[in-house]
Visitor: 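Here's a structure for you.
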Amino acid sequence: MLAETDKHAERPPKQLQYASFDLHTLTPHMGAEIHGLDLSQPLDEDQSRDLDTAFRNWMVLVFRDQELSRDQHKAFGRRFGKLHSHPMHKVGLRGDDPEILPVVTTADSAYAAGDGWHTDVTCDEIPPLGSILYMSETPESGGGDTLFANMALAYELLSDPMKDFLAGLTAVHDGAKPYVGAYKSTPPEGGYPRSEHPVVTRHPESGDRILYVNSGFTTHICGLSPRESRSLLEMLFEHIGSTPRIHCRMMWAPKTMTLWDNRCTQHHAVWDYYPHSRRGERVSVCGEERPQA
Ligand code: SIN
C-alpha cells in the first residue's frame, strides 16, 4: 500500500549540537534524549538556555537515570511556569497532591490513563503548556511505551485545499469525553471543563501552524452539521493515528523523565503489558494564553 501523501515537509534544520549536553535524536523531526544533565540540581544559565532551545526544537525531551524526589520533579516543572492541577483532582480521583498526577496501571486497572491519542487537558480554557512524566516502575514484560505525534508536521502534510477549509474553524474540547465517557468518573459540581479552540493554532514560540484537534477531548467542529463534523474529525484522527512519519516512540525505564510540549504534540500511552504494572507521576505546567489561530 502506498503512503497517503507524497508530500515532504519543508522544515528548517533543527539544532543538533548543544554546548551544555549531548543530544541524541529519536527521529529527524521530533524527540531527543539529553545526556549530561542532572535535573536534581539547579541548571546554570547556559544549561537553561540550551534546554529551552532543545525543547523548542525537539518538542519531546527524554532524560535517563534521574534520581529525583517529588519536590525536585516539581521544581523542574516550575522552571517552565506555574504548576497545573488536573480537573480529576476536584473529584478526589487523582491522589492528594493537586500538582502531581499519579499515572499508575496495574492488573486491577479498568483503564490505562492516556491509552489513546490525545493532548493533555485541552478541555481547559488555557490547556497546560507541557507535561513532565517521571517513571518509577516499568512492566517486567517490557512494553508500556509512549507514542508521540508532531502536530506541526501533521498540519503540514495536509493538502492545501484541506488547510484552506480548516482555517478559521473552531472545535469543542470536552472533559466529560474522557473523564466520564472513558474513565466513568462522576463529574464535579458544574461539570468538567469544556472549551472552544481553533482547529489550527499557532505555536506561541515557533509560530508553526498546528493541527489542534484530538480524539481524547474534541467532540465536534462548530458550525458543521453533526455528520460533517463526525466525518471530518474521523479523517483528521485517522491522519494523526495512521501516519507513522509524524510519530516517535519512546521506551521507558525506571528513573526516566520525559518532558513534552502540549502545544504542538499528541501522545498515546500504549497499554500492551497487562497484567503487569507501570507506575509514574506527572507534573504539568500551566499554559500562558488560550490557543490562538
Ligand atoms: C499521559 O500523560 O497521558 C500518560 C502518558 C503515559 O503514561 O505515557
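Start at 1 and go down the list; that is how both ligands and their atoms are numbered.
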Visitor: Just distances here: any N/O of W260 and N/O of ligand 1 closer than 3.5 Å?
Guide: no
Visitor: What are the atoms of ligand 1, with element, lying closer than 4.0 Å to any heavy atom of D120?
Guide: 2 (O), 3 (O)
Visitor: Counting only heavy atoms not in E196, do more than 12 sit closer than 6.0 Å to its CD atom?
Guide: yes
Visitor: At what distance is the nearest protein heavy atom to atom 7 (O) of ligand 1, and which residue and atom is it?
Guide: R278 NH1, 2.8 Å
Visitor: With heavy-atom distances below 4.0 Å as the criterion, list the atoms of ligand 1 near V103.
Guide: 7 (O)
Visitor: Below 4.0 angstrom from a heavy atom of A269, which ligand 1 atoms are there? Numbered from 1 as shown, please.
Guide: 5 (C), 6 (C), 7 (O), 8 (O)
Visitor: Just which atoms of ligand 1 are under 4.0 Å from any heavy atom in L133?
Guide: 5 (C), 6 (C), 7 (O), 8 (O)
Visitor: Less than 6.0 angstrom separating the ring centers of F217 and Y179, yes or no?
Guide: yes
Visitor: Strictly under 6.0 Å, is that where the ring centroids of Y155 and Y212 end up?
Guide: no
Visitor: For ligand 1, which atoms have a heavy atom of G114 less than 4.0 angstrom away?
Guide: 3 (O)
Visitor: Can you name the atoms of ligand 1, numbered from 1 with element, that are less than 4.0 Å from a heavy atom of T146?
Guide: 6 (C), 8 (O)
Visitor: Inspect the surroundings of CD in Q15 and state if more than 12 heavy atoms from other residues, nucleotides or ligands are less than 6.0 Å away.
Guide: yes
Visitor: Examine ligand 1 and decide if any of its atoms is less than 4.0 Å from a heavy atom belonging to W271.
Guide: no
